[in-house]
Amino acid sequence: MKSIVSAVVGELNQDERIQNWYRGQSIQIPLVEKELPVTFMEVNEDDTTFVEEADEALKNFLALESGYKIMTAQAVFGNFVDYCSYISENDIPEKMKGTQPLNVWNFVYPTEVFVSRRAVNDKDIYVILACECEWEKEHGLQLVFRQGKKLTRVSDQDGHLTSADAFDIPDEEDEMLASF
């Protein structure tokens, strides 16, 4: 089994099932005040700058302290509201009825951090905070940070780093990405 070394995470070992994923140990994530495992995804051996750029993005992400959650609350709440628009009133979790933007984080449970390079357009590094949440039990929630610096997507865990990629639209039409 192969491994790679990150200056931030330490040694990451190749996943047994997914050849180009490397799983590392848990590290403290100040944004959510919790230790979470870190995985480097889609690592291409020909991409000689991936680990260095991933480390830089992780350093940026780790600089986001828990107060940044307040800045992201409206976007996370927007995901909740959007989800609720597709279901009946009876399917909204009872404990979430009346939820306001600033307390939406009480219903979000971070589980893991992923780091990946976008395969198209900017080919930048993105840090994904994967979460479970009360309102979307099946697909969970992901918060995606371009270069680890700024939130550029909130969605279910659909495998896309940007809404532009998910909906096949130009980057300029992806509001959060374009604001980067």
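Note: hydrogens, waters and symmetry copies are ignored here, and every other heavy atom, side chains too, is used. This chain uses plain numbering: 1 for the first residue, then up along the sequence.
- Evaluation of the salt bridge (charged side-chain N to carboxylate O under 4.0 Å, His left out) test over residues 100-113, restricted to residues two or more places apart or in two chains, returns Arg23-Glu112.
- A search for side chain to side chain contact (heavy atoms under 4.5 Å, CB included) contacts involving Asp158 returns Gln142, Arg153, Ser155, Asp156, His160, Ala166, not counting sequence neighbours.
- For residues 36-52, every residue pair satisfying the salt bridge (charged side-chain N to carboxylate O under 4.0 Å, His left out) rule, not counting sequence neighbours, is listed here: Lys2-Glu45, Asp47-Arg117.
- Among residues two or more places apart in sequence or in another chain, the salt bridge (Lys or Arg N to Asp or Glu O under 4.0 Å) test is passed with Asp174 by none.
- Among residues two or more places apart in sequence or in another chain, the ring pair (Phe, Tyr, Trp, His ring centres under 6.0 Å) test is passed with Tyr126 by none.
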Side-chain donor-acceptor pairs under 3.5 Å in residues 68-76, sequence neighbours left out?
residue: Tyr68; atom: OH; partner: Leu151; partner atom: N; Å: 3.2
residue: Thr72; atom: OG1; partner: Lys69; partner atom: O; Å: 2.9
residue: Thr72; atom: OG1; partner: Trp105; partner atom: NE1; Å: 3.2

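- The side chain to side chain contact (heavy atoms under 4.5 Å, CB included) test applied to Asn79 returns Trp135, Leu141, Val154, not counting sequence neighbours.
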Which pairs would a plain distance check flag for residues 24-37, meaning a side-chain donor or acceptor within less than 3.5 Å of a matching protein atom at least two apart in sequence or in another chain?
residue: Gln25; atom: NE2; partner: Val9; partner atom: O; Å: 3.0
residue: Lys34; atom: NZ; partner: Pro110; partner atom: O; Å: 2.9

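- Taking the charged nitrogens against the carboxylate oxygens, Glu134 and Lys95 do have a contact shorter than 4.0 Å, which makes a salt bridge.
- By the salt bridge (Lys or Arg N to Asp or Glu O under 4.0 Å) test, Lys123 pairs with no residue at all, sequence neighbours left out.
- By the side chain to side chain contact (heavy atoms under 4.5 Å, CB included) test, Ala7 pairs with Asp55, sequence neighbours left out.
- Under the salt bridge (Lys or Arg N to Asp or Glu O under 4.0 Å) criterion, Asp165 pairs with Arg118, sequence neighbours left out.
- Legend: residues meeting side chain to side chain contact (heavy atoms under 4.5 Å, CB included) with Phe180, ordered by chain and number and at least two apart, are Arg146, Gln147, Lys149, Lys150, Thr152.
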